[in-house]
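Notes follow the structure.
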2 protein chains.
Amino acid sequence: MTTQTNIVLADDHQIVLDGLQFMLSSEKYLQVVYTSLNTNGVLQYLETSATKVQLLITDINMPTVSGIELCKKVKELYPHIKVLVLSMYSSTEIVKEAILAEADGYMLKDGGKEKLLAAIHKLNNDGTYYSEEIIPIIYNQFSIEKKAALSASNLSDREKEILVLIAKEYSSEQIAEKLFLSIKTVGNHRQNILAKCECKSSVGLVKYAIKSGLITV
Amino acid sequence: MTTQTNIVLADDHQIVLDGLQFMLSSEKYLQVVYTSLNTNGVLQYLETSATKVQLLITDINMPTVSGIELCKKVKELYPHIKVLVLSMYSSTEIVKEAILAEADGYMLKDGGKEKLLAAIHKLNNDGTYYSEEIIPIIYNQFSIEKKAALSASNLSDREKEILVLIAKEYSSEQIAEKLFLSIKTVGNHRQNILAKCECKSSVGLVKYAIKSGLITV
DNA sequence: TAATTAATAGGGAGTACTCCCTATTTTAAT
DNA sequence: ATTAAAATAGGGAGTACTCCCTATTAATTA
């Protein structure tokens with residue numbers, strides 16, 4: 001698969017732009033058609049030339065409009081353009097945002113030329129590329145964070161049991177029936193759970209239950 | 001890192017057990033110390049020999065007790081043992097369950113010898129291994145499913161806006177203040193949203209908002 | 001043994017949410 | 001231009017939740 005790929009680069013540091021361009025220059029089927037130090041430049045360029053662009057490689061941390069926002073807009077206006085998001089860090093939040101913005105790929109900046117070319121290759125073939133480093137991040141989000149949150153709150157087993165039912169949309173009455181308790185008891189547990197989890201209402205409790213892995217969305 | 005790794009295998013098909021054992025036999029630092037056609041056998045074996053085991057490779061689809069359950073129990077009783085979960089399929093639910101069960105690795109069965117050895121190598125070094133195939137799955141879960149859920153409900157923009165605030169733990173009063181509305185209006189929107197999303201209470205709405213990507217947990 | 005915590009249950013009050021209505025205005029669509 | 005849908009607002013009733021208390025029992029811990 002060595003069809004011509006026209007690429008737009010966006011990064012607020014000229015050095016990074018130069019570096020990327022240099023890394024891409026070795027492959028003759030990769031053609032950088034536009035570079036920009038800000039996101040608006042990219043959008044302006046695409047207004048006239050979107051059809052000939054196949055790939056956008058953008059940094060996340062950009063002044064005024066972030067790479068995430070740029071990604072969202074580009075995917076909305078020009079869905080045919082693949083977006084590869086570059087980031088210095090691999091924080092849970094950023095990775096998640098990138099995924100939600102429908103980025104086709106996510107890559108750490110310290111990847112180097114080989115990884116970049118591999119990413120582009122995989123984007124062209126499989127449609128997506130997410131660097132291996134982010135798996136532990138997602139893993140963390142699912143597992144370690146959850147445990148920490150859960151153990152921090154000090155919920156008793158009974159409280160956890162009731163929290164699960166709350167989060168499964170049981171009313172206090174239904175919980176009382178199911179566990180053979182008085183509604184008052186359930187109410188007391190609710191209060192204690194709210195306090196321990198530092199939540200304002202059941203809405204917070206659901207999110208807590210999800211965060212801590214007690215239930216799945 | 002070629003320290004001796006003692007491995008337990010679990011799969012309800014003898015052929016798969018044989019295949020795995022064969023694949024592992026080429027590396028002299030990998031030693032299969034026990035194989036079992038069911039999960040109970042593994043637990044019984046570990047009761048006496050857990051200390052000398054470093055890795056459990058288990059299929060997911062096992063009669064009576066699933067590989068997920070086995071994984072949970074093993075990680076609970078013998079946290080030092082790494083668990084690599086094998087699965088025929090790469091469904092969202094299964095991957096999620098594996099992660100929640102604290103599997104250290106997840107791998108598709110069609111991976112072949114090289115992938116298996118690479119997985120074990122990575123498990124030994126980095127502590128985790130998740131095959132690349134599951135990223136699009138998580139991606140799907142985050143993105144495509146969400147969009148579908150959202151568009152299915154037919155929420156208006158205003159309703160979405162209010163749903164987000166509900167899910168962010170705003171009370172009706174706070175929403176009214178923020179959007180310069182009457183509490184009654186907010187209440188009406190709540191009802192309509194509940195109906196459209198087929199939820200019984202705000203608890204359901206939060207989960208809906210998360211599922212459809214309107215908010216993050 | 002004494003003290004603490006968890007689980008149970010209740011009283012009483014206030015708040016928040018849910019449901020069933022009607023109704024007006026604005027916007028969008030046929 | 002008529003219809004339909006969305007957004008607004010309200011009345012009234014009932015339910016559910018949240019908060020502030022007290023109190024008993026069982027189990028755990030110091």
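Since the structure is predicted, the reported quantities are computational estimates derived from the model, not experimental observations. Numbers restart at 1 for each chain; the letters A, B, ... are given by sequence-line order, proteins then strands.
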In whole angstroms, how far is the C1' atom of D:dT18 from the CG atom of A:Leu163? 16 Å
Hey, does A:Ser49 have a side-chain heavy atom less than 4.5 Å from the side chain of A:Tyr34? no
Would a 4.5 Å heavy-atom cut-off, applied to side chains only, mark A:Ile81 and A:Leu55 as touching? no
Within this structure, what is the NZ-to-C1' distance between B:Lys184 and C:dT24, rounded to whole angstrom? 16 Å
Candidates A:Thr35, A:Val16, A:Ile7 - the one meeting side-chain contact (heavy atoms from CB on, under 4.5 Å) with A:Gln21: A:Thr35
Should A:Val8 and A:Ile57 count as side-chain neighbours, where that means a heavy-atom distance under 4.5 Å? no
A:Ile162 CD1 - C:dA7 P separation (whole Å): 8 Å
Rounded interatomic separation in angstrom, taking CD from A:Glu198 and P from D:dT18: 16 Å
Testing A:Ile193, A:Leu163, A:Leu194 one by one against A:Tyr208 for a side-chain contact (heavy atoms from CB on, under 4.5 Å), which residue passes? A:Leu163
Return the residues of residues 185-195 of chain B meeting this criterion: a heavy atom under 4.0 Å from some atom of DNA chain C. Order them by number, or give none. B:Asn188, B:Arg190, B:Gln191, B:Leu194
Atom CG of B:Leu179 and atom P of D:dA7: how far apart are they, to the nearest Å? 12 Å
Output side-chain donor-acceptor pairs under 3.5 Å for residues 37-47 of chain A, partner residues at least two apart or in another chain, one line each.
unit_1  : atom_1 : unit_2  : atom_2 : d
A:Asn38 : OD1    : A:Asn40 : N      : 3.4
A:Asn38 : OD1    : A:Gly41 : N      : 2.8
A:Thr39 : OG1    : A:Val65 : O      : 3.3

Could you check how far CD1 of A:Ile183 sits from C1' of C:dG10, rounded to whole Å? 12 Å
Whole-Å distance between C:dT27 P and B:Arg158 CZ? 13 Å
Students often get this wrong, so: under 4.0 angstrom with heavy atoms, is B:Leu181 touching a base, only sugar-phosphate, or nothing? sugar-phosphate
Can you list, by residue number, the residues of residues 169-178 of chain B that have a non-hydrogen atom closer than 4.0 angstrom to DNA chain D? none
Donor-acceptor contact below 3.5 Å, side chain B:Thr185 vs main chain B:Leu181: no
Side chain to side chain donor-acceptor pair (under 3.5 Å) contacts in which one or both residues fall within residues 51-78 of chain B, not counting sequence neighbours: B:Asp59-B:Lys109, B:Lys75-B:Asp104
Counting just side-chain N and O atoms, does A:Ser201 come under 4.0 Å of either OP1 or OP2 of C:dT15? no
Below 4.5 Å, heavy atoms only, C-beta onward: do A:Lys178 and A:Leu165 meet side chain to side chain? yes
Polar atoms only, N or O, under 3.5 Å: list the protein pairs with nucleotides 25-30 of chain D and their distances.
none

Between A:Ser182 and C:dA7, is there a contact of a side-chain N or O with OP1 or OP2 at under 4.0 Å? no
Provide, to the nearest angstrom, the distance between the CZ atom belonging to A:Phe180 and the P atom belonging to C:dT8. 13 Å
Side chains of A:Val83 and A:Glu102, heavy atoms from C-beta outward: is any pair under 4.5 Å? no
Note, B:Glu159 side chain near B:Asn192 side chain (heavy atom, < 4.5 Å): yes
Rounded distance (nearest 0.5 Å) linking atom CG of B:Leu214 with atom CG of B:Leu205: 11.0 Å
For nucleotides 28-30 of chain C, which of its nitrogen or oxygen atoms have a protein nitrogen or oxygen under 3.5 Å away, and what is each distance?
none

